[in-house]
Chemist: 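Below are the structure tokens for one structure; questions will follow.
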Amino acid sequence: MFFISFVELDRAIRRFRDSRVSVDEGLRGWNWSSEYLSPVVDDVLLGVSEIANRYCPTYRDIYLKRVACVKAPYTFKTVRGWVYHAISSETLTQVKTYLYNSGVVPGYRVFMDLVSLSKKVIGNVFRGLDVKRYLSDDEYKRLLSDAKALYRYLILQAASNVDRVASEVKYLTVDTLVNKAIPSVVERSIDGSLLGLSSELRVDMLLENDVILDIKTGDIRPFHKYTLAGYALAIECDLEKPIDYGVITYLSIENEVVKVNNQVYFISDELRREFLKFRDEAMEVIYSGKDPGKPIKCPEYCIYYSVCNPLG
């Protein structure tokens, strides 16, 4: 894993297990037909982030997007999030493809050969997202520099993992190398429609030990942990496997240095109930069709801040 080590994750999960906490089986996603888990409104499917990211306490963001059909303005932070996620996903694909084509090779070869593809990989991501359309020239240059730093960081982590696995496994095959050195599932598609969630949810990473990893590229917010509850419920509903733990990975880049802050959570009954409450309240706003109005004070980091406060 490139953003969190097995040792760090295992240590955090062991603390939760030692406390003997468990999840109420009635709050598992496979109980989607129960009165508590079933959505209060039919035929409305919401994204996990729409529900969990409670920038606006009155749910006016939901009203503006879903009822008034007002698109949120594109900001540098929005586009940066797209790019970081796309670079993370595409780089892992490049590493896997390289290893399957090259076989068992030392880590320095992985880094040297893949770093030469930096311009091509990043260029494809930027063109695919049409980044120039949304940013000024200065912002574009800044994001391009950050994207290069992130790509180098990821392939360096991959190269390090390759050497670690090669040193630990006596009889090494390409399949073993890839499975042990590279995260097994990236951007897993999940159907959450039975819970009133999108039928095409995209989970950033679902690790082989059934731990969710969700990447955030902005500031730390207290509501981010609820995204883990939403994805856990959806995975349990779609795949019928229990999901108890999740990681919020805060990813930032300063002066070409990639900084990672991991926060590991037990996806408790409380988190699940709060997420379901947010879901139901959001759906009620959509069903009523009425503007809930602005909160007493709009947080400036809300994506609709400039819409609700055009004069600042």
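Just so you know, these numbers come straight off a predicted model, no measurement behind them. Numbers for residues simply follow the sequence, beginning at 1.
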Chemist: Measuring from Leu129:CG to Tyr134:OH, what's the distance to the nearest 0.5 Å?
Modeler: 8.5 Å
Chemist: How close do Leu197 and Gly230 get, counting heavy atoms only, and between which atoms?
Modeler: CD1-O, 3.9 Å
Chemist: When you measure from the side chain of Ser102 to the backbone N and O of Tyr98, does any donor-acceptor pair fall under 3.5 Å?
Modeler: yes
Chemist: Examine distances only and state if a side-chain atom of Glu284 and a backbone atom of Glu281 form a donor-acceptor pair shorter than 3.5 Å.
Modeler: no
Chemist: Hey, mind stepping through Leu99 and Leu177 against side-chain contact (heavy atoms from CB on, under 4.5 Å) and telling me if it holds?
Modeler: CA-CA 8 Å; Leu99 289 175; Leu177 179 61; 4.0 Å; yes
Chemist: Where the side chain of Arg152 meets the backbone of Glu256, is there a donor-acceptor pair that is under 3.5 Å apart?
Modeler: no
Chemist: Less than 4.5 Å apart, any side-chain heavy atom of Thr75 and any of Ile303?
Modeler: no
Chemist: Would you call Glu236 and Arg272 a salt bridge, taking side-chain N to carboxylate O under 4.0 Å as the test?
Modeler: yes
Chemist: Please check: side-chain N/O of Asp24 versus main-chain N/O of Asp269, any donor-acceptor pairing under 3.5 Å?
Modeler: no
Chemist: Distance check, rounded to the nearest 0.5 Å: Cys69 atom SG versus Tyr63 atom OH?
Modeler: 9.5 Å
Chemist: Hey, what's the ring geometry for Tyr226 with Phe278, parallel, tilted or perpendicular (30° and 60° as the breaks)?
Modeler: perpendicular
Chemist: Before accepting this row, confirm whether a basic side-chain N of the pair Lys216/Asp214 lies closer than 4.0 Å to the acidic partner's carboxylate O.
Modeler: yes
Chemist: Does a salt bridge link Glu168 with Lys180, judged by any charged N lying under 4.0 Å from a carboxylate O?
Modeler: no
Chemist: I need the Leu117 CG to Glu90 CD distance, nearest 0.5 Å.
Modeler: 10.5 Å
Chemist: If you count every heavy atom of other residues, nucleotides or ligands that lies below 6.0 Å from Ile220 atom CD1, does the total exceed 12?
Modeler: yes
Chemist: Please name the pair of heavy atoms, one in Leu201 and one in Gly47, separated by the smallest distance, quoted to 0.1 Å.
Modeler: CD2-CA, 4.3 Å
Chemist: Could you tell me whether the side chain of Ser160 and the main chain of Leu156 form a donor-acceptor pair under 3.5 Å?
Modeler: no
Chemist: Give me the atom names and distance for the closest heavy-atom approach of Asp204 to Ile215.
Modeler: OD2-N, 2.7 Å
Chemist: Say you draw a straight line from CG of Leu9 to CG of Asn262; how long is it, rounded to the nearest 0.5 Å?
Modeler: 8.5 Å
Chemist: Are Tyr287 and Leu45 linked, directly or through intermediate hydrophobic residues, by side-chain heavy-atom contacts shorter than 4.5 Å (ILVMFWY only)?
Modeler: no
Chemist: Ignoring hydrogens and angles, tell me if any N or O in the side chain of Thr97 forms a donor-acceptor pair with the backbone of Thr93 under 3.5 Å.
Modeler: yes
Chemist: Using a strict 4.0 Å threshold on nitrogen-to-oxygen distance, state whether Glu8 and Arg11 make a salt bridge.
Modeler: no
Chemist: Considering only heavy atoms from C-beta outward, does the side chain of Leu228 approach that of Tyr245 to under 4.5 Å?
Modeler: no
Chemist: Could you check whether Lys132 makes a cation-pi contact with Tyr140, meaning its NZ or CZ is under 6.0 Å from the centre of the six-membered ring and within 45° of the ring axis?
Modeler: yes
Chemist: Parallel, tilted or perpendicular for Tyr301 and Phe223, by the 30°/60° rule?
Modeler: tilted
Chemist: Evaluate the criterion side-chain contact (heavy atoms from CB on, under 4.5 Å) for residue pair Glu300 and Tyr55; output intermediate values, then yes/no.
Modeler: CA-CA 9 Å; Glu300 293 187 14; Tyr55 298 100; over 6 Å; no
Chemist: Verify side-chain contact (heavy atoms from CB on, under 4.5 Å) between Ile190 and Ser198, making sure each step is shown before the conclusion.
Modeler: CA-CA 8 Å; Ile190 298 295; Ser198 171; over 6 Å; no
Chemist: In the single-linkage hydrophobic clustering (I, L, V, M, F, W, Y; side-chain heavy atoms under 4.5 Å), do Leu27 and Leu194 co-cluster?
Modeler: yes
Chemist: Find out whether Tyr265 and Val247 are in side-chain contact, i.e. whether some heavy atom of one side chain is under 4.5 Å from a heavy atom of the other.
Modeler: no
Chemist: Strictly by modelled atom types, are Asp191 and Ser193 linked by a side-chain donor-acceptor pair under 3.5 Å?
Modeler: yes
Chemist: Tell me if the CG atom of Asn101 is crowded by more than 12 foreign heavy atoms within 6.0 Å.
Modeler: yes
Chemist: Do the side chains of Asp10 and Arg14 get close enough for a salt bridge, i.e. N-O under 4.0 angstrom?
Modeler: yes
Chemist: When the ring planes of His224 and Tyr250 are compared, do they come out parallel, tilted or perpendicular, using 30° and 60° as the limits?
Modeler: tilted
Chemist: What are the two closest non-hydrogen atoms of Asn31 and Glu25, and how far apart are they?
Modeler: ND2-O, 2.5 Å
Chemist: Spell out, as yes or no, whether a donor-acceptor pair under 3.5 Å connects the side chain of Glu139 to the backbone of Ser136.
Modeler: yes
Chemist: Tell me every residue that passes side-chain hydrogen bond (donor to acceptor under 3.5 Å, both in side chains) with Ser145, counting only those two or more places apart in sequence or in another chain.
Modeler: none
Chemist: Does the Ser167 side chain pair with the main chain of Arg164, one donor and one acceptor, at a distance under 3.5 Å?
Modeler: yes
Chemist: Side chains of Phe3 and Ser88: does their closest heavy-atom pair fall under 4.5 Å?
Modeler: yes
Chemist: Please check if the side chain of Asn309 supplies one atom and the backbone of Tyr305 the other of a donor-acceptor pair under 3.5 Å.
Modeler: yes
Chemist: In this structure, would Phe16 and Val23 fall into the same cluster of hydrophobic residues linked by side-chain contacts under 4.5 Å?
Modeler: yes
Chemist: Less than 4.0 angstrom from a charged side-chain N to a carboxylate O is my criterion; do Arg54 and Asp61 meet it?
Modeler: yes
Chemist: Let me confirm one number: the CG-SG distance from Leu37 to Cys237, rounded to the nearest 0.5 Å.
Modeler: 8.5 Å
Chemist: Are any of the side-chain heavy atoms of Trp30 and Pro242 separated by less than 4.5 Å?
Modeler: yes
Chemist: Within the structure provided, determine whether Pro39 and Leu195 are in side-chain contact (heavy-atom separation under 4.5 Å).
Modeler: no
Chemist: Check this for me, if you would: do Asp146 and Arg80 make a salt bridge, where the nitrogen-to-carboxylate-oxygen distance has to be below 4.0 angstrom?
Modeler: no
Chemist: Judged by atom type as modelled, is there a donor-acceptor pair below 3.5 Å linking the side chain of Lys119 to the main-chain atoms of Ser116?
Modeler: no
Chemist: Test Leu251 against Leu150 for side-chain contact (heavy atoms from CB on, under 4.5 Å), laying out the working first.
Modeler: CA-CA 9 Å; Leu251 185 62; Leu150 178 58; 4.0 Å; yes
Chemist: State whether the number of non-hydrogen atoms from other residues, nucleotides or ligands found under 6.0 Å of Asp130 atom CG is greater than 12.
Modeler: yes
Chemist: I need the Ile122 CD1 to Leu144 CG distance, nearest 0.5 Å.
Modeler: 6.5 Å
Chemist: List the atom of Tyr231, the atom of Ser49, and the distance in Å for their closest heavy-atom pair.
Modeler: OH-OG, 4.3 Å
Chemist: Closest heavy-atom contact between Ala166 and Leu172?
Modeler: CA-CD2, 3.7 Å
Chemist: Check whether any side-chain heavy atom of Ile243 sits under 4.5 Å from a side-chain heavy atom of Ile267, and report yes or no.
Modeler: yes
Chemist: Would you say the side chain of Leu114 lies within less than 4.5 Å of the side chain of Tyr151, judging by non-hydrogen atoms?
Modeler: yes
Chemist: Take a 6.0 Å sphere around NZ of Lys141 and say whether it holds more than 12 heavy atoms from other residues, nucleotides or ligands.
Modeler: no
Chemist: Identify whether the distance between the nearest side-chain nitrogen and carboxylate oxygen of Arg28 and Asp244 falls below 4.0 Å.
Modeler: yes
Chemist: Ring centres under 6.0 Å, that's the criterion: do Phe126 and Trp82 meet it?
Modeler: no
Chemist: Does Arg142 CZ have over 12 foreign heavy atoms under 6.0 Å away?
Modeler: no
Chemist: Identify, with sequence neighbours excluded, every residue that meets side-chain contact (heavy atoms from CB on, under 4.5 Å) alongside Tyr108.
Modeler: Pro106, Met112
